[in-house]
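Counting convention: from 1, in listed order, for ligands and their atoms alike. Please read these numbers as outputs of a predicted model, since none were measured by experiment.
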Amino acid sequence: MGSGQTVAVFGAYGHTGRFVVTELRDRGFVPLLLGRDAGKLQALAASHPGLEHRVASVGDPGSLDQALNGAAAVINCAGPFASTAAPVIEAALRAGVPYVDVAAEIEANLDTFTHFTDRAQTAGVAVVPAMAFFGGLGDLLVTTAMGDWAAADEAHVAYGLSSWHPTGGTLASGAVSRERRDGRRVRYTSGRLEYYVAEGDLPTLEWDFRAPMGRRTVLGEFTMADVVTIPSHLPIPEVRTYMTTDAATDLAAPDASAPTAVDELGRSAQAFTVDVIVRSGDTQRRVVASGQDIYAISAPLAVEAVHRILGGQTGTSGVASAGEIFDAPEFLRALSAHISLEPCHESES
Ligand SMILES: NC(=O)c1ccc[n+]([C@@H]2O[C@H](COP(=O)([O-])OP(=O)(O)OC[C@H]3O[C@@H](n4cnc5c(N)ncnc54)[C@H](OP(=O)(O)O)[C@@H]3O)[C@@H](O)[C@H]2O)c1
């Protein structure tokens with residue numbers, strides 16, 4: 001359990017931010033509600049009597065400094081992160097407190113590694129980008145599957161989503177990423193991130209997910225934040241991510257609707273399976289995780305990260321992805337109430 005420490009949540013009234021606030025409370029932390037809109041903050045605070053809220057804007061560093069005053073850590077849930085990550089990390093470094101975000105934007109996550117690795121290391125401050133469903137969970141699973149392997153030839157992360165009702169933040173972040181790519185696609189191959197131009201649709205293939213998802217058509221080269229987090233610490237030259245075509249179609253629909261709650265925890269009916277395969281020579285290892293609602297699950301991931309950082313259960317400092325800074329198998333075991341995990345299975349490939 002948390003020790004009553006105050007953890008600031010920037011973007012607290014967003015869809016993901018709300019899950020994070022509730023999870024922090026459930027874990028014994030005291031959430032400090034931060035955001036740029038006073039009215040939305042007040043409305044959220046009204047549903048959490050006793051919690052403090054402070055208005056802060058990424059364009060006003062002084063407001064961020066005041067907002068973080070007294071906080072032991074900050075979780076940034078305000079995306080697009082192309083706009084918010086750097087100013088909030090700067091404020092965390094000034095305050096000397098750890099920073100965790102849920103960014104799924106490849107370029108924003110890369111920027112965090114590029115611009116803050118040295119400074120965060122020097123300051124001895126943990127900065128963990130993509131500590132969420134995309135980026136964080138895949139990295140924890142690949143790191144777990146690697147086990148005693150120091151390197152592998154390939155890592156494959158296949159996302160089986162039963163549906164995908166995206167939030168406004170997801171759509172805005174996707175739009176920002178597309179703009180930054182200027183019509184190019186991106187993939188991680190031959191040990192580097194490659195931007196390339198291609199005509200037509202993304203390639204498809206059949207993927208055998210575990211039951212009940214079963215055999216599904218997935219989009220190949222549906223490249224997610226795992227291509228930043230995994231290679232940031234594991235020597236794997238080919239990192240591929242896949243997405244069930246049905247979910248990708250939901251996401252791209254012009255009339256895509258936001259997730260709606262179906263249970264008392266506020267989760268949507270969306271089921272997920274993340275199927276990870278790493279291959280070294282003729283041997284492959286497979287780890288499968290499943291659960292409900294990719295937004296909701298991001299909260300226990302981010303809060304467990306803060307819990308471990310504040311408790312000193314970290315393997316490194318500075319900017320690091322989940323798989324590097326935490327003991328990945330132990331971290332996943334700690335989330336057993338939220339994520340069902342199949343034990344690692346090794347076979348000939
Ligand atoms: N990696 C993952 O698996 C994962 C999981 C969940 C979420 N995410 C990411 O997290 C972000 C938020 O998602 P969401 O589902 O919570 O979306 P959301 O419900 O639309 O909320 C977005 C939040 O970000 C705030 N925000 C946006 N731009 C801002 C800025 N420039 N300054 C301050 N606040 C800003 C919004 O505040 P206003 O209402 O004032 O605009 C709102 O609080 C998205 O980028 C999403 O992709 C990633």
Which residue holds the protein heavy atom closest to [atom], what is that atom called, and what is the gap in Å?
atom                    : result
atom 3 (O) of ligand 1  : F134 N, 2.7 Å
atom 21 (O) of ligand 1 : G14 CA, 3.5 Å
atom 40 (O) of ligand 1 : Y13 OH, 2.6 Å
atom 1 (N) of ligand 1  : V102 O, 3.0 Å
atom 26 (N) of ligand 1 : A78 CB, 3.8 Å
atom 18 (P) of ligand 1 : G169 N, 3.7 Å
atom 15 (O) of ligand 1 : T167 OG1, 2.8 Å

Donor-acceptor pair between [X] and [Y] side chains, under 3.5 angstrom:
X    : Y    : value
H345 : R285 : no
T189 : E238 : yes
D37  : Y13  : no

With heavy-atom distances below 4.0 Å as the criterion, list the atoms of ligand 1 near [X].
X    : value
T16  : 6 (C), 7 (C), 13 (O), 14 (P), 15 (O), 16 (O)
H15  : 15 (O), 16 (O), 18 (P), 19 (O), 21 (O)
T170 : 47 (O)
Y295 : 6 (C), 15 (O)
F81  : 9 (C), 10 (O), 11 (C), 45 (O)
K40  : 38 (P), 39 (O), 40 (O)
F10  : 33 (C)
G168 : 20 (O)

Worksheet entry | Stacked cation flag R187 on Y196, 6.0 angstrom / 45 deg | yes
Practice prompt. Taking the six-membered ring of W207 (Phe, Tyr or Trp), confirm whether the NZ or CZ of R215 is under 6.0 Å from its centre and within 45° of its axis.
Written response: no
Discussion item. Between L64 and F10, is the side chain to side chain contact (heavy atoms under 4.5 Å, CB included) condition met? List the steps.
Written reply: CA-CA 9 Å; L64 288 171; F10 189 61; 4.2 Å; yes
Worksheet entry | R25 and E23: CA distance, side-chain angles, deciding distance, salt bridge (charged side-chain N to carboxylate O under 4.0 Å, His left out) verdict | CA-CA 5 Å; R25 292 197 85 161; E23 180 72 15; over 6 Å; no
Worksheet item: If every non-hydrogen atom of Q270 is compared with every non-hydrogen atom of S163, which pair is closest and at what distance?
Response: NE2-O, 2.8 Å
Worksheet entry | Under-4.0 Å heavy-atom contact with ligand 1, by part of S173 that carries it | side chain
Worksheet, complete the sentence: Logged contact type for S298 with ligand 1, heavy-atom cut-off 4.0 Å, is side chain
Item to complete: Run down the list C77, G79, G136, P166 and name the one with the heavy atom closest to atom 27 (C) of ligand 1.
Response: G79
Discussion item. For F134 and Y159, take the angle between the two ring planes, folded into 0 to 90°, and tell me which bin it lands in: parallel under 30, tilted 30 to 60, perpendicular over 60.
Written reply: perpendicular
Practice prompt. Looking only at distances, please establish whether an N/O atom of ligand 1 is found under 3.5 Å from an N/O atom of F133.
Written response: yes
Worksheet item: Short N/O distance, under 3.5 Å, between R36 and ligand 1?
Response: yes
Fill in: With D293 via salt bridge (Lys or Arg N to Asp or Glu O under 4.0 Å) - residues at least two apart
none
Discussion item. Is it true that, when you exclude E346 itself, more than 12 heavy atoms of the residues, nucleotides or ligands shown sit nearer than 6.0 Å to its CD?
Written reply: yes
Worksheet item: Does atom CG of D118 have more than 12 heavy-atom neighbours from other groups under 6.0 Å away?
Response: no
